[in-house]
Amino acid sequence: MNKIPKKNKKKLSPIDRVKDIFAYFSTYLLLLILTVAILYPVMWILGSAFNEGTSLASASAIPKNPTLNNFVKLFKETDYEKWYLNTLTIAIANMVVSVLIVGTMGYVFARLKFAGKRVGLLVILILQMFPSFMGMIAIYVLFLNFGLLNQPLALVIIYSAGQIPYNTWLIKGYLKNVPISLDEAAQIDGATKLQTYTKVILPVMFPILTFVAVTQFMAPWFDYILPSFLITSTEKKTLAVGLYELINGQANTNFTMFAAGSVLVAVPVAILYLFLQKYLIEGLSAGANKG
Amino acid sequence: MKKVVILLLVLSMVLSMSGCKKEQVTAKFADDLKWDETKQEYVFEKKAELKFWADNDEYAAKIIELWDAKYPDVTLSYENVGSVDTAEKLKLDGPAGLGADVFYIPHNSIVDMRESGLLFQLPESDEAYIKEIMQDSATAVTMFEDNMYAVPSSVENIALVYNKQILAALPTLPSVLTVTGANLLEQIENEEIYLEELYEGVANWGNNFAGTGVEIPFLSDRFEDVDTTAEDIHTIFAYQLYDAYHNYPFLTRNGYRVFGEDNNDPTQFNITSKEVTESIKSVIGDWYGNVDGSKLFPGLATIQDIAWDQGPARLQKGQLAITISGPWVMGDIKTNLTTWAETGKFGVTADTKVSDLYGATKLPRFNNDVQPTTFSGVQVTGMNVYTDYPNATMNLMRFLASDEVMKEVYSTLGKIPSIKNSDNVPGLNEDEIARGFLSQAAFSHAMPVIQEGNYMWDPLRDVWTNIFDAKMSVEDAQTRSLDDYNKILQNSGAEQ
Amino acid sequence: MSNKKKKKWWQKLIGEKMTNSGWLSFFIFGLGQLKNKQKGKALILFAFQFAYVFIEVITSKLVKGVIPNQPEYWGYGFFRKGIHGFITLGETTGGRFRDNSPVMMIEGIMVFVLILIYIVIWKMNIKDANDTNLSIQRTGIVQSSKAFFAERFETGFAYIVSTPALLLLLFVSIVPILFAFLIAFTNYDAYHNPPSDLIDWVGFANFFKVIKLAGWRTTFAGVASWTVIWAILSTMTTFFGGLLLAVVINSKRVVLKKMWRTIMILPWAIPGMISLLVFRNFFNQTYGPLNAMLGMDIPWLNDPIMVKVTLVIINFWLGVPYFMMLMTGILTSFDKTLYEAATVDGANSRQTFWSITFPILSAQVFPLLIMSFAGNFNNFGIVFFLTGGGPRNLAYEYAGHSDILITWIYNMTKDFKMYNMASVMSIIIFLIIGGISTWNFLRSDAFKEDN
């Protein structure tokens with residue numbers, strides 16, 4: 001890779017200065033436009049959670065009589081806390097399991113040479129593109145046979161397994177930017193492959209693993225189809241299923257409550273992202289590269 | 001690679017085989033049942049535990065409370081499963097032994113579940129008992145080849161639902177009938193207007209409040225911003241246009257019934273009959289002059305915009321005067337009434353009843369004095385064939401048809417119980433709104449319970465879409481619907 | 001054995017030649033290893049075989065007992081019953097105890113997969129017995145099981161650590177796909193309702209039927225071309241949008257980076273279903289607040305062309321945060337000096353970006369783009385919740401203007417229960433999407449570098 005020679009930043013001609021101001025201006029203008037485009041619908045979604053009545057059809061962004069009723073009802077009349085906790089458990093388990101599996105797989109497929117590697121992952125990845133609703137029945141029978149039906153573990157298995165190929169490619173791509181000299185140095189020092197992985201590569205992968213962690217954490221909050229098939233007992237119900245029941249069926253039209261419950265989901269995700277950003281952005285890889 | 005080849009060989013061998021000999025193994029369920037004459041109930045299995053599926057937590061809690069009071073020794077538990085999802089879920093959960101013993105389903109799920117062999121066939125004695133206490137029209141949908149497969153719980157149908165405050169403020173519309181009512185509300189309640197005339201009158205007002213020239217009471221309560229025309233549109237009469245369930249009545253003016261007189265003859269789809277032509281032509285009538293705009297109500301919403309939630313949502317916010325909908329719209333209104341009483345919206349006080357603000361009645365007659373026919377739906381309870389405790393489950397089925405449960409069906413769910421003697425449900429006979437829906441129920445027939453009943457919905461709906469959206473003539477639209485229906489039949493493998 | 005250098009196919013499978021140890025292991029797993037005095041290894045291999053036999057026995061009628069009048073095959077063990085069930089798809093109907101064809105098929109597929117694993121282990125077991133035996137004959141040294149495993153862990157590290165993941169994938173991903181695939185060769189439709197009715201293998205009959213139906217060709221061509229356009233547009237817009245956002249926020253000029261990023265992430269954090277339900281009303285032509293605000297009458301969801309534009313816009317809103325997050329993460333792995341040079345140098349930043357950053361970045365995310373393409377190709381939720389396929393298209397069967405292939409298939413299965421036909425369509429769609437993706441993958445740098 002070519003290095004671009006750094007220009008001296010101190011000497012700015014007036015034209016450059018104008019250009020600079022213009023660049024500032026356009027950058028912030030762009031950000032502002034995008035913020036409006038993003039926040040305006042978000043406001044509507046938020047607003048609908050504070051609307052009176054139960055329908056979204058005539059809800060408004062800034063309700064005339066904003067009410068907390070939907071939130072109050074959510075906690076009083078449903079097992080929202082329980083659903084939330086159940087889902088949180090699954091989300092965290094899924095996050096941990098995924099990071100463990102995918103991190104290793106990413107390392108193996110990016111760094112090690114072995115027969116069948118190229119084709120193996122490609123085949124699975126392509127097969128996963130098979131469009132079908134029928135597969136659900138197979139998953140049901142599968143878990144029935146392994147005694148995992150009605151176990152939250154079943155969901156963790158599915159969520160983490162389903163994303164293995166995608167995330168492996170993701171990490172593999174990421175590791176391409178990490179010089180192979182790091183591995184070689186470690187191996188010359190006599191490190192085994194496992195040691196190379198845990199001591200050298202794992203720290204470098206931190207930003208991308210954080211990304212995987214966040215995305216995998218998200219999965220259980222949105223999905224209602226799988227848990228509604230695989231989890232039957234009320235005790236183990238996940239949030240998406242519980243919320244969906246509020247709007248499923250002719251008599252159940254608590255759309256505003258549904259909105260309230262959904263909005264509360266965004267909170268931990270946004271916080272998690274805010275918190276993990278520093279790992280995601282100021283990753284350790286930059287430091288590693290400088291050496 | 002070789003393994004793949006071998007596997008493929010095996011597969012292709014297997015796939016080329018077909019048609020094996022089938023044998024029947026039957027384990028009769030009725031043999032398991034033991035009736036106790038003195039207690040008038042089935043003999044509970046030892047350690048019986050029961051589970052039922054419904055989609056309303058509050059109702060389920062009440063049921064369990066009542067059950068525990070009556071049968072304290074038998075545990076009854078509940079899981080929330082949407083009644084329309086039950087069929088698919090039980091196909092998996094049933095054989096796996098995880099299904100509920102009893103579940104609530106809409107009656108049109110009976111076909112699918114019966115065909116899949118998931119429904120327990122009721123013994124003749126129970127069949128007789130259920131027929132004795134339940135309405136004939138409700139039990140009819142549970143029967144197949146003289147056997148009963150489910151027990152009716154509640155019935156529902158659509159009717160004309162309206163906001164009394166608004167209609168009372170509106171002037172009467174021109175009618176060939178003698179109009180004694182002082183305003184539109186009285187005119188409709190006294191049945192002094194034909195359906196066609198109502199449409200025409202509303203269309204002449206432009207179907208919005210502004211066009212009536214009358215001051216609508218509490219208008220500022222109804223809209224965030226009264227000046228925004230976008231908010232103040234299409235507010236006199238709106239219902240779900242893009243839907244066969246709501247549009248079917250308008251095909252029935254000249255006697256059309258889908259699938260014949262008993263609604264279950266697969267050879268009698270008859271969508272191209274001249275009765276349908278006449279009915280459609282009469283309904284869309286002279287006032288329908290805006291083919292290019294493809295609007296049912298000229299200058300107003302396109303068909304797709306009035307989705308299932310728009311009508312009810314606007315009605316319950318007081319933004320719509322008349323809609324066509326089912327009893328479920330009242331649930332929301334009841335909830336809103338408490339909020340309104342707190343803020344004094346629409347002049348609502350703590351004493352205001354729902355029936356002071358809203359009313360329901362049968363659809364206005366066609367101008368040939370025929371009452372429109374609506375579909376009715378029956379909510380039924382079904383019994384899982386795979387139950388471990390058939391006796392206990394039969395007791396639960398009977399319990400769910402008892403008067404004490406029927407009271408909850410009415411008071412908690414707000415549904416109309418399907419029992420013959422409405423006196424047994426307190427408050428039902430005095431309920432003006434329930435009576436309104438019941439008045440249309442007399443002119444309803446159950447949705448078909450044959451396989452073809454699942455195929456009819458799109459073609460029935462699209463007769464209207466073909467006219468309004470595709471700008472077809474009425475006759476072309478009918479032919480097109482028939483074509484669509486035949487294609488579905490053919491594609492679904494019916495010719496085999 | 002004439003040519004010593006070139007191994008015959010069976011030598012690749014079981015080692016140089018069949019030894020006594022090999023023959024022992026041929027019949028009983030680990031017995032050859034025991035003879036080779038490697039007890040630990042022998043025990044593990046034997047335990048594996050024992051598990052299979054144990055399952056077969058414990059699930060058979062020898063242990064479970066019989067129901068009166070039950071057909072003979074109900075008493076078979078798990079594996080034999082699985083294969084039998086897969087071939088026949090059930091023989092008894094009616095009553096409470098009866099065959100459930102789809103379940104039998106799935107169990108059969110599972111059994112096939114398990115047997116495949118069995119064969120692989122069997123082969124490894126024989127080869128190991130032979131190799132070890134020959135090595136002992138040559139050198140006279142017996143490697144302890146412990147030393148063997150330590151060595152294998154290093155040499156076969158890649159295989160060993162990816163085995164759990166592969167097993168998971170095999171069962172959770174591949175088995176369901178095989179089932180969905182095989183449905184196309186059955187008569188599983190509205191007139192064959194398991195568990196009451198049995199379904200049967202019908203060979204390629206469904207494929208012939210699809211070819212014969214002219215109406216489906218029109219629908220397929222129309223829906224498929226829109227699906228491809230949709231998948232390309234939605235992938236490209238979200239990718240470039242996300243990249244732009246990531247680069248802009250990363251730039252030195254922007255302060256409060258964290259705040260901006262967190263704002264931009266919101267559409268992704270809010271569950272998609274509620275967003276789509278709100279959008280459905282938001283874009284309603286007659287009642288929607290958007291038209292009211294704009295003071296216009298745009299048929300967002302009602303016009304055949306406009307609905308497609310709207311879908312892409314909404315997908316952009318939903319999908320950009322993900323790509324922004326991804327790009328932000330990936331950009332950090334870039335050589336800092338490169339990146340700084342690109343951003344500091346205002347005049348050249350654009351060129352630098354396009355000539356250096358972008359090519360590396362795109363090569364790196366190319367596989368992800370293909371996957372994202374495939375994901376959008378099968379993006380059920382957005383079409384289903386937003387438009388339900390509408391507006392109606394008179395020329396199509398069971399599909400509207402905005403329907404994509406996956407929602408079309410859904411319509412077939414849900415209302416009309418044409419499971420077999422839907423599966424045929426799935427296969428055809430899969431051949432297209434899989435073909436495009438494989439072709440792209442094989443061409444991509446990401447793949448080529450892996451030699």
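Throughout, a chain's letter reflects where its sequence line sits, starting with A, and its residues are numbered from 1. On a predicted model such as this, the values are computed, not experimentally measured, just so you know.
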Student: Within a strict 4.5 Å, meaning less than it, do heavy atoms of the B:Asn491 and C:Glu397 side chains meet?
Tutor: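 Yes - at least one pair of side-chain heavy atoms lies under 4.5 Å apart.
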
Student: Could I get the full list of salt bridge (Lys or Arg N to Asp or Glu O under 4.0 Å) partners for C:Lys308, not counting sequence neighbours?
Tutor: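 Salt bridge (Lys or Arg N to Asp or Glu O under 4.0 Å) check on C:Lys308 returns nothing, list empty.
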
Student: Are the side chains of B:Glu115 and C:Tyr191 in contact, using a 4.5 Å heavy-atom criterion?
Tutor: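 Contact flag for C:Tyr191/B:Glu115 side chains = no.
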
Student: Apply side chain to side chain contact (heavy atoms under 4.5 Å, CB included) to residues C:Phe416 and B:Ile488 and explain how you reach the verdict.
Tutor: CA-CA 8 Å; C:Phe416 311 118; B:Ile488 298 172; 3.5 Å; yes

Student: Any side-chain heavy atom of C:Asn100 within less than 4.5 Å of one from B:Lys91?
Tutor: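 The answer is no; the side chains never approach within 4.5 Å.
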
Student: Is the shortest heavy-atom distance from the side chain of C:Asn281 to the side chain of B:Gln310 under 4.5 Å?
Tutor: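 Answer yes - side chains close enough.
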
Student: With distance as the sole criterion, is a donor-acceptor pair present between the side chains of B:Asn466 and C:Arg392 under 3.5 Å?
Tutor: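 Yes, a side-chain donor-acceptor pair sits under 3.5 Å.
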
Student: Which answer fits C:Tyr419, side chain, backbone, both or neither, if we ask what part of it has an atom under 4.5 Å from a heavy atom of chain B?
Tutor: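 Contact with chain B: side chain only.
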
Student: Should the heavy atoms of other residues, nucleotides or ligands under 6.0 Å from CH2 of B:Trp457 be counted, would the total exceed 12?
Tutor: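 Atom CH2 in B:Trp457 is crowded, with more than 12 foreign heavy atoms closer than 6.0 Å.
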
Student: Name the region of C:Pro102, side chain, backbone, both or neither, that has any atom closer than 4.5 Å to a heavy atom of chain B.
Tutor: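 For C:Pro102, no heavy atom lies under 4.5 Å from chain B.
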
Student: Is the shortest heavy-atom distance from the side chain of C:Leu394 to the side chain of B:Met472 under 4.5 Å?
Tutor: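 Heavy-atom side-chain distance check passes, below 4.5 Å.
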
Student: Side chain to side chain contact (heavy atoms under 4.5 Å, CB included) for C:Lys417 and B:Asp112? Distances and angles first, verdict last.
Tutor: CA-CA 10 Å; C:Lys417 295 202 266 172; B:Asp112 183 21; 2.6 Å; yes

Student: Are the side chains of C:Pro195 and B:Tyr386 in contact, using a 4.5 Å heavy-atom criterion?
Tutor: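 Yes - at least one pair of side-chain heavy atoms lies under 4.5 Å apart.
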
Student: With sequence neighbours left out, what residues match C:Asn284 under side chain to side chain donor-acceptor pair (under 3.5 Å)?
Tutor: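 Listed in chain order: nothing, the list is empty.
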
Student: Less than 3.5 Å apart, any donor N or O on the side chain of C:Tyr398 or B:Asp458 sitting next to an acceptor on the other?
Tutor: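 There is no such pair (donor and acceptor under 3.5 Å, judged by atom type) between the side chains of C:Tyr398 and B:Asp458.
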
Student: With rounding to the nearest 0.5 Å, note down the distance linking CD in B:Glu88 to OG1 in C:Thr413.
Tutor: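 Between atom CD of B:Glu88 and atom OG1 of C:Thr413 there are 8.5 Å.
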
